[in-house]
Enquirer: 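The structure follows.
Each residue takes its place number in the sequence, starting with 1.
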Amino acid sequence: MRFDAQSLTYNAQGLIPAIAQDEASGEVLMMAWMNAEAVEKTLETRRVTYWSRSRNDFWIKGETSGHTQELVDFRVDCDRDALLMIIRQVGPACHTNRRTCFYTSVRDGEERELMGPMEG
């Protein structure tokens, strides 16, 4: 069956959540939004392309930072309302220069930073 980006379930703003997972470690690196055109661009170029809600524009991961995401596998969940990008990450995934955006843990009611920014 041929894939059609229009077959996905987008929210009222025309967006779908996309989770980026590292191919090698299985680590969840980040979550961002895609619209149908970002989905198509990602599949066409194999460079993960998101939709920036703050800039109202496309955002190719690593275009300015060099911290690129190469698409290895594109997965659709059972309800077709969330995406999982299996990727090869170069450098940190988070704009804070951390490996993952999920670097804060809440334990016993307290926030704890699990990692600092990457060197270099």
Side-chain angles (χ1 to χ4, degrees):
M1 168 196 304
R2 193 91 184 120
F3 174 75
D4 179 2
Q6 298 301 322
S7 71
L8 299 172
T9 302
Y10 299 91
N11 68 14
Q13 293 76 40
L15 302 173
I16 189 168
I19 299 162
Q21 182 179 31
D22 186 82
E23 173 198 35
S25 69
E27 185 177 23
V28 174
L29 300 176
M30 59 177 281
M31 192 292 286
W33 297 95
M34 290 183 159
N35 62 15
E37 194 173 347
V39 167
E40 291 165 356
K41 287 176 182 279
T42 296
L43 290 170
E44 178 184 313
T45 65
R46 310 303 287 178
R47 297 244 350 247
V48 182
T49 302
Y50 299 105
W51 180 256
S52 171
R53 296 176 300 164
S54 60
R55 293 190 313 262
N56 206 34
D57 199 6
F58 293 103
W59 159 43
I60 300 170
K61 185 66 176 165
E63 192 171 46
T64 55
S65 69
H67 304 153
T68 59
Q69 292 179 348
E70 177 190 347
L71 184 68
V72 175
D73 196 13
F74 181 95
R75 299 185 187 177
V76 179
D77 83 331
C78 57
D79 293 325
R80 301 185 75 77
D81 64 356
L83 304 173
L84 178 63
M85 308 290 118
I86 309 296
I87 59 150
R88 282 190 197 101
Q89 176 72 44
V90 173
C94 185
H95 75 281
T96 66
N97 213 39
R98 288 170 174 83
R99 172 82 181 139
T100 173
C101 293
F102 298 98
Y103 60 87
T104 303
S105 176
V106 178
R107 297 180 184 162
D108 298 322
E110 298 292 323
E111 286 191 29
R112 191 170 117 199
E113 191 173 290
L114 301 174
M115 69 188 70
M118 294 175 74
E119 298 286 324

Enquirer: Please report the shortest heavy-atom distance between A36 and A5, naming the atom on each side.
Expert: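 Smallest interatomic distance, heavy atoms only, reads O-CB, 3.9 Å.
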
Enquirer: Within this structure, what is the CE-OG1 distance for the pair M115 and T96, rounded to the nearest 0.5 Å?
Expert: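 M115 CE to T96 OG1: 9.0 Å, rounded to 0.5 Å.
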
Enquirer: Is there side-chain contact between I60 and K41, with at least one heavy-atom pair below 4.5 Å?
Expert: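 Not in contact.
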
Enquirer: What is the ring orientation for W59 with Y50, classed by angle as parallel under 30°, tilted 30 to 60°, or perpendicular over 60°?
Expert: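 Rings of W59 and Y50: tilted, as their planes differ by 30° to 60°.
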
Enquirer: Walk me through whether E113 and R98 qualify under side chain to side chain contact (heavy atoms under 4.5 Å, CB included).
Expert: CA-CA 11 Å; E113 191 173 290; R98 288 170 174 83; 3.1 Å; yes

Enquirer: To the closest 0.5 Å, what do you measure between CD (Q21) and CG (L84)?
Expert: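 Spacing of CD (Q21) from CG (L84) equals 5.0 Å.
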
Enquirer: For A93 versus L29, what's the shortest heavy-atom pair and its separation?
Expert: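 Taking every non-hydrogen atom into account, CB-CB, 3.7 Å.
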
Enquirer: Transitively linked via ILVMFWY side-chain contacts under 4.5 Å: M85 with Y10?
Expert: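 Yes: a chain of side-chain contacts under 4.5 Å links M85 to Y10.
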
Enquirer: Contact between L71 and T45 at the side-chain level, heavy atoms closer than 4.5 Å - yes or no?
Expert: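 SC-SC contact between L71 and T45 ruled out.
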
Enquirer: What pair of heavy atoms forms the shortest contact from I87 to A20, and how long is it?
Expert: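 Heavy atoms only, the tightest pair is CD1-CB, 4.0 Å.
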
Enquirer: Salt bridge (charged side-chain N to carboxylate O under 4.0 Å, His left out): which pairs involve residues 79-92, sequence neighbours left out?
Expert: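 Output for this query lists E23-R88, E70-R88.
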
Enquirer: Where the side chain of D77 meets the backbone of A82, is there a donor-acceptor pair that is under 3.5 Å apart?
Expert: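 At least one qualifying donor-acceptor pair exists.
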
Enquirer: So, do E111 and V106 sit near enough that their side-chain heavy atoms are less than 4.5 Å apart?
Expert: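 SC-SC contact between E111 and V106 confirmed.
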
Enquirer: Less than 4.5 Å apart, any side-chain heavy atom of S52 and any of F58?
Expert: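 S52 vs F58: side chains apart.
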
Enquirer: Specify the closest pair of heavy atoms between L83 and V76, including all atoms of both residues, with the distance to one decimal.
Expert: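 Closest heavy-atom pair between L83 and V76: CD2-CG2, 4.0 Å.
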
Enquirer: Check salt bridge (charged side-chain N to carboxylate O under 4.0 Å, His left out) between R99 and all other residues, then give those that pass, not counting sequence neighbours.
Expert: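 Testing R99 for salt bridge (charged side-chain N to carboxylate O under 4.0 Å, His left out), a comparison that skips the adjacent residues, returns D22, E27.
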
Enquirer: Between T42 (side chain) and T49 (backbone), is there a donor-acceptor pair under 3.5 Å?
Expert: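 Present.
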
Enquirer: Quick check: closest heavy atoms across F102 and M30, and the distance to 0.1 Å?
Expert: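 Residues F102 and M30, closest heavy atoms: CE1-CA, 3.8 Å.
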
Enquirer: F74 versus V48: any side-chain heavy-atom pair under 4.5 Å?
Expert: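 Heavy-atom side-chain distance check fails, nothing below 4.5 Å.
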
Enquirer: Counting only heavy atoms from other residues, nucleotides and ligands, does the tally under 6.0 Å from CZ of R55 exceed 12?
Expert: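 Above 12, so yes.
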
Enquirer: So which atom in P92 and which in Q89 form the shortest heavy-atom distance, rounded to 0.1 Å?
Expert: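 Taking P92 first and Q89 second, the nearest heavy atoms are O-NE2, 3.2 Å.
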
Enquirer: Side chain of E37, backbone of E40: donor and acceptor closer than 3.5 Å?
Expert: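 No.
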
Enquirer: Kindly compute the distance separating OG1 (T64) from NZ (K61), expressed to the nearest 0.5 Å.
Expert: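 T64 OG1 to K61 NZ: 8.5 Å, rounded to 0.5 Å.
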
Enquirer: Quick one, L15 and R53 - any side-chain contact, counting heavy atoms below 4.5 Å?
Expert: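 In short, these two side chains touch, coming nearer than 4.5 Å.
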
Enquirer: Rounded to the nearest 0.5 Å, what separates atom CE in M34 from atom CD1 in I16?
Expert: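 Answer for the CE-CD1 pair, M34 versus I16, is 9.5 Å.
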
Enquirer: Give a yes or no on whether the backbone of Q13 and the side-chain of N11 come within a donor-acceptor separation of less than 3.5 Å.
Expert: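 Yes, N11 side chain to Q13 backbone: donor-acceptor pair under 3.5 Å.
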
